[in-house]
K.L.:
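Pasting a structure here, questions to come.
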Amino acid sequence: MNDEVKEMADELDKFMKNKETTSEKTEALVEEMLKSYREYPVSTRLNVTNILNRETLIDVLQKVREILFPGYYDNSRVRAEYVKYTVGEKIEFVQYHLTKQVAIALGSQEICEECERSVLLQRAEKIVDDFLDQLPKLREILATDIQAFYEGDPAAYSFDEIILSYPGLMAITVYRIAHELWNLKVPLIPRIMTEYAHGKTGIDIHPGATIGKYFFIDHGTGIVIGETTEIGDHVKIYQGVTLGGLSTRKGQALKGVKRHPTIGNNVTIYSGTSVLGGNTVIGDNVTIGGNTFVVRSVPADMKVSARAPELEYSHGPSQGADKDTYWDFVI
């Protein structure tokens, strides 16, 4: 055996020994993971025949957006003379795929774990039909939102710009779609939809919130709107606004309780503000300034603002001050 062959044989022997050791480690790790699955069933889903398909739901969401905004989110031109057929195809796509996903979601509920699949599909078909019936109404409401964006933002130069590029409109559109499913008592799916929009836009709107017409989100990043929030018409909110609960210490005991504020009509809430509590009611025509913390009701026609922090100034060395007496500001 020459030196080259011997070296290759040694390398192969070494590789096989390492592989045996690795296999033993892998087997031990597998056993540990199986033990973990038994000990923590809350995060384990085994022997489940039907599981919600998140990617399918996102495809359904995209198709609904294409139905609501024909020609905006399609990959090719939508010709007016053929729109009847293209919309029909998209509606059929939504009917088929959403019905299957709704049936799976219904089957995941404790009261329906033993339901016949045929019964679940019948219920799901009715729910999806009722949902699709709401699409013309959704277009009407979204038209008011687009108008509010255009009138409220001097940086908006066209409706196309708002529909194609504004994250606030995307978040509101997905919320309004998910809210209809929420009203139809569909579990899981509305949250998957709004959390998808949350991940895309940084805007967190719970599908259970109630939001009126002409709703305008400016910039939007960091906005949080809780489940039991009620918002009237012609409301404008800026980035970093939280419409939330005062406390979640009681956890599940608060389920179904009004935890989030009620916002009247023609209200403007500026950036960085938190309005908290189920008993907090903001009256009509109220303006709330930025960086404000509101936990009490505000009567109609009021302006609310936090006292501005005092700024301190000092001279730099060019004015004769010692270097240790001035600050360097980095922005």
Side-chain angles (χ1 to χ4, degrees), residues 50-74 78 83-109 111-112 115-146 163 169-201 203-213 215 225 227-231 256:
N50 292 312
I51 300 175
L52 279 173
N53 189 318
R54 186 175 181 274
E55 294 305 315
T56 297
L57 288 171
I58 292 169
D59 289 342
V60 166
L61 191 57
Q62 179 62 19
K63 281 290 185 286
V64 175
R65 292 177 72 209
E66 290 173 11
I67 294 167
L68 294 172
F69 299 101
Y72 279 96
Y73 303 125
D74 296 83
V78 177
V83 70
K84 175 179 179 180
Y85 306 103
T86 57
V87 170
E89 287 178 353
K90 290 169 184 174
I91 288 174
E92 288 180 352
F93 178 94
V94 173
Q95 278 178 318
Y96 177 76
H97 290 285
L98 186 57
T99 297
K100 288 177 66 176
Q101 295 301 307
V102 169
I104 293 169
L106 292 173
S108 70
Q109 291 181 304
I111 57 171
C112 265
C115 289
E116 293 279 345
R117 178 158 177 77
S118 59
V119 174
L120 292 174
L121 281 170
Q122 284 180 347
R123 289 181 60 187
E125 285 175 1
K126 177 65 168 63
I127 286 170
V128 172
D129 284 344
D130 290 344
F131 165 73
L132 291 170
D133 287 344
Q134 298 303 311
L135 293 185
K137 186 192 79 172
L138 280 181
R139 267 187 58 79
E140 177 186 344
I141 295 173
L142 286 166
T144 71
D145 296 330
I146 295 166
I163 295 169
L169 185 69
M170 178 189 178
I172 292 169
T173 301
V174 174
Y175 152 75
R176 293 205 186 279
I177 293 167
H179 183 67
E180 293 301 326
L181 294 169
W182 178 272
N183 286 341
L184 291 166
K185 311 299 183 188
V186 177
L188 298 175
I189 292 174
R191 285 302 300 272
I192 291 172
M193 289 180 169
T194 54
E195 290 303 329
Y196 167 74
H198 181 195
K200 288 288 186 181
T201 66
I203 299 167
D204 181 3
I205 308 177
H206 193 286
T210 303
I211 301 176
K213 297 179 179 180
F215 184 50
I225 300 175
E227 177 190 4
T228 60
T229 304
E230 297 175 47
I231 298 175

K.L.:
Inspect the surroundings of OH in Tyr96 and state if more than 12 heavy atoms from other residues, nucleotides or ligands are less than 6.0 Å away.
P.N.:
no
K.L.:
Would you say Thr144's side chain and Ile141's backbone share a donor-acceptor pair under 3.5 angstrom?
P.N.:
yes
K.L.:
So how far is it from Tyr196 OH to Gln62 CD, rounded to the nearest 0.5 Å?
P.N.:
6.5 Å
K.L.:
Could you report the tightest heavy-atom contact between Leu132 and Pro136, atom names first, then the distance?
P.N.:
O-CD, 4.0 Å
K.L.:
Using residues 54-61 as the side-chain source, report each donor-acceptor pair under 3.5 Å to any protein atom, sequence neighbours left out, with the distance given to one decimal.
P.N.:
| from | atom 1 | to | atom 2 | distance (Å) |
| --- | --- | --- | --- | --- |
| Thr56 | OG1 | Asn53 | OD1 | 3.4 |
| Thr56 | OG1 | Asn53 | ND2 | 3.4 |

K.L.:
Is the shortest heavy-atom distance from the side chain of His198 to the side chain of Val174 under 4.5 Å?
P.N.:
no
K.L.:
Go through it in stages, so that I can follow the logic: the residues are Thr173 and Arg65, the test is side-chain contact (heavy atoms from CB on, under 4.5 Å), and I'd like the CA-CA distance, side-chain angles, deciding distance and then a yes or no.
P.N.:
CA-CA 8 Å; Thr173 301; Arg65 292 177 72 209; 4.3 Å; yes
K.L.:
Using side-chain heavy atoms (C-beta onward) and a distance below 4.5 Å, is Ile127 in contact with Asp130?
P.N.:
no
K.L.:
Might you point out which heavy atoms bring Pro70 and Asp74 nearest each other, and give the distance in Å?
P.N.:
C-OD1, 4.2 Å
K.L.:
Do Arg123 and Lys126 make a side-chain contact, defined as non-hydrogen atoms from C-beta onward lying under 4.5 Å apart?
P.N.:
no
K.L.:
Of the non-hydrogen atoms in Val87 and Ile67, which two are nearest, and what is the gap between them?
P.N.:
CG1-CG2, 4.4 Å
K.L.:
Mind listing the closest non-hydrogen atom pair of Thr99 and Ala124 along with its distance?
P.N.:
O-CB, 3.4 Å
K.L.:
For residues 175-190, please give each side-chain donor-acceptor pair under 3.5 Å, one per line with the distance, not counting sequence neighbours.
P.N.:
| from | atom 1 | to | atom 2 | distance (Å) |
| --- | --- | --- | --- | --- |
| Tyr175 | OH | Ala209 | O | 2.5 |
| Tyr175 | OH | Ile211 | N | 3.3 |
| Arg176 | NE | Asp145 | OD2 | 2.8 |
| Arg176 | NH1 | Ile211 | O | 3.1 |
| Arg176 | NH2 | Asp145 | OD1 | 3.2 |
| Arg176 | NH2 | Asp145 | OD2 | 3.3 |
| Arg176 | NH2 | Gly212 | O | 2.7 |
| His179 | ND1 | Pro207 | O | 2.7 |
| His179 | ND1 | Ala209 | O | 3.1 |
| His179 | NE2 | Asn183 | ND2 | 3.3 |
| Glu180 | OE2 | Lys137 | NZ | 3.3 |

K.L.:
Any chance you could lay out the side-chain contact (heavy atoms from CB on, under 4.5 Å) test for Ile146 and Phe69, step after step, and finish with the verdict?
P.N.:
CA-CA 11 Å; Ile146 295 166; Phe69 299 101; 3.6 Å; yes
K.L.:
Supply the atom-to-atom distance Arg191 CZ to Glu227 CD, rounded to the nearest 0.5 angstrom.
P.N.:
8.0 Å
K.L.:
Verify side-chain contact (heavy atoms from CB on, under 4.5 Å) between Ile225 and His206, making sure each step is shown before the conclusion.
P.N.:
CA-CA 6 Å; Ile225 300 175; His206 193 286; over 6 Å; no
K.L.:
Identify the two heavy atoms, one from Ile205 and one from Ala171, that lie closest to each other, and give their separation to 0.1 Å.
P.N.:
CD1-O, 4.1 Å
K.L.:
Within a radius of less than 6.0 Å around NZ of Lys63, do more than 12 heavy atoms belonging to other residues, nucleotides or ligands occur?
P.N.:
yes
K.L.:
So Lys90 and Val64, side-chain contact (heavy atoms from CB on, under 4.5 Å) or not? Walk me through it.
P.N.:
CA-CA 8 Å; Lys90 290 169 184 174; Val64 175; over 6 Å; no
